[in-house]
Amino acid sequence: MNNYLKLKGVDIILIIGLYFLGNLIIYPVYYLGYIFSFDPYLLTPVMVILNYSFTFIIYYFIALKPRKEKYRFHYSFTGFGLFPVVLLLFFGQYLISEFLTGLIPTKGPIFGSLYQTMTHALLGNMEKNPAINFTMLCLIAPVCEELFFRGFILKEMLNNKVEPFKAILISSLIFGGIHFFPWQVVGGILSGLILGLTFYKTGSLLSCTLLHFINNFAGFLLFTKYKSLETPDLGINPFLLLFIGIILVLIFGYLYLKFTKNHTWKSY
């Protein structure tokens with residue numbers, strides 16, 4: 001019980017606090033960029049890696065080393081034979097997420113300003129620096145975010161006997177929340193549920209990282225082609241896409257749970 005309460009409270013608050021503290025590294029670099037007339041966005045990949053490295057290193061010395069624990073990350077092929085099933089499950093989640101995201105306003109005094117900021121941050125920089133954006137979205141984000149949210153936060157909760165459903169839900173809410181913009185938060189939470197389930201069932205970051213890469217790469221291709229953050233109009237009723245998404249989630253979610261019903265989490 002002590003481990004449960006500690007991890008649920010102090011440790012999670014500590015690791016999230018360190019993550020946001022690490023984000024502060026980025027702002028002085030951006031400020032210096034404006035002073036010396038260079039585009040600080042070019043250094044974003046380095047800054048993001050430094051942020052995650054800072055978080056892991058400080059947490060190790062504050063929390064893990066005193067407890068004589070080490071970081072352990074697995075990239076085994078455990079459960080990888082079911083990847084096509086979980087990919088279709090993930091795609092169903094994506095369709096549901098896109099429908100729900102489409103319900104969030106993009107105009108008005110609050111949402112309009114947020115949407116403009118997000119558009120400039122993502123689309124504006126993508127048009128100017130496509131190589132940097134590809135590196136960020138498709139390489140750094142899948143690896144670093146899966147290491148952090150599934151390979152560390154979720155794994156530690158599961159290791160400390162937090163109920164799997166609660167652990168997956170908590171890690172998904174944190175994952176969605178750090179994306180900040182409402183249009184990303186919804187997708188972050190829903191995709192986090194599937195990524196969390198996949199990690200729980202396999203104990204490996206391989207499938208999670210590959211799913212994350214496919215999701216971000218598809219987004220990168222859509223941004224590049226349509227020059228917009230909004231889902232392109234394919235002439236299909238959005239309610240039909242929602243219905244298809246729900247059917248995919250129900251069918252392939254059932255199959256995935258059925259095929260992995262004998263799984264038991266093994267702490268590492």
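These numbers come from a predicted model, not from an experiment.
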Is the distance from the ring center of [X] to that of [Y] below 6.0 Å?
X      : Y      : value
Phe111 : Tyr115 : no
Phe252 : Phe90  : no
Phe175 : Phe148 : no
Phe223 : Phe220 : no

Whether the side chain of [X] engages the backbone of [Y] through a donor-acceptor N/O pair (distance < 3.5 Å, no angle test) should be reported.
X      : Y      : result
Asn215 : Leu211 : no
Lys201 : Thr260 : yes
Asn216 : Cys138 : no
Ser172 : Ile168 : yes

Within this structure, what is the [atom1]-[atom2] distance for the pair [X] and [Y], rounded to the nearest 0.5 Å?
X      : Y      : atom1 : atom2 : answer
Leu21  : Ile58  : CG    : CD1   : 8.5 Å
Leu205 : Thr198 : CG    : OG1   : 11.0 Å
Met157 : Tyr200 : CE    : OH    : 13.5 Å
Leu197 : Leu89  : CG    : CG    : 7.0 Å

Verify the neighbour count for atom CZ of Phe73: are there more than 12 heavy atoms of other residues, nucleotides or ligands below 6.0 Å?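 Enclosed: over 12 neighbouring heavy atoms sit under 6.0 Å from CZ of Phe73.
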
Counting neighbours of CZ on Phe180 that are heavy atoms of other residues, nucleotides or ligands and sit closer than 6.0 Å, is the number greater than 12?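 No, the 6.0 Å shell around CZ holds no more than 12 heavy atoms from other groups.
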
Side-chain contact test, heavy atoms from C-beta onward, threshold under 4.5 Å: evaluate it for Ile178 versus Phe149 and give yes or no.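 Side-chain contact under 4.5 Å: yes.
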
Heavy atoms, side chains only, cut-off 4.5 Å: are Phe243 and Asn237 in contact?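 No, every pair of side-chain atoms sits at 4.5 Å or beyond.
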
Cationic tip of Lys155 within the cone over Tyr268's six-membered ring, i.e. under 6.0 Å and within 45° of the normal?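 Judged by the rule, Lys155 and Tyr268 form a cation-pi pair.
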
Non-neighbouring partners of Glu145 that pass salt bridge (charged side-chain N to carboxylate O under 4.0 Å, His left out), sequence neighbours left out: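 For Glu145, no residue satisfies salt bridge (charged side-chain N to carboxylate O under 4.0 Å, His left out) once neighbours in sequence are set aside.
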
Applying side chain to side chain contact (heavy atoms under 4.5 Å, CB included), run through Tyr59 and Tyr71 and close with a yes or a no. CA-CA 10 Å; Tyr59 186 82; Tyr71 288 116; 3.6 Å; yes

Heavy-atom pair of closest approach, residues Pro45 and Met136: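 Minimum heavy-atom separation between Pro45 and Met136: CA-SD, 3.6 Å.
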
Do any side-chain atoms of residues 46-57 form donor-acceptor pairs under 3.5 angstrom with protein atoms, and if so which ones, sequence neighbours left out?
residue : atom : partner : partner atom : Å
Asn51   : OD1  : Asn23   : N            : 3.3
Ser53   : OG   : Ile49   : O            : 2.8
Thr55   : OG1  : Asn51   : O            : 2.9

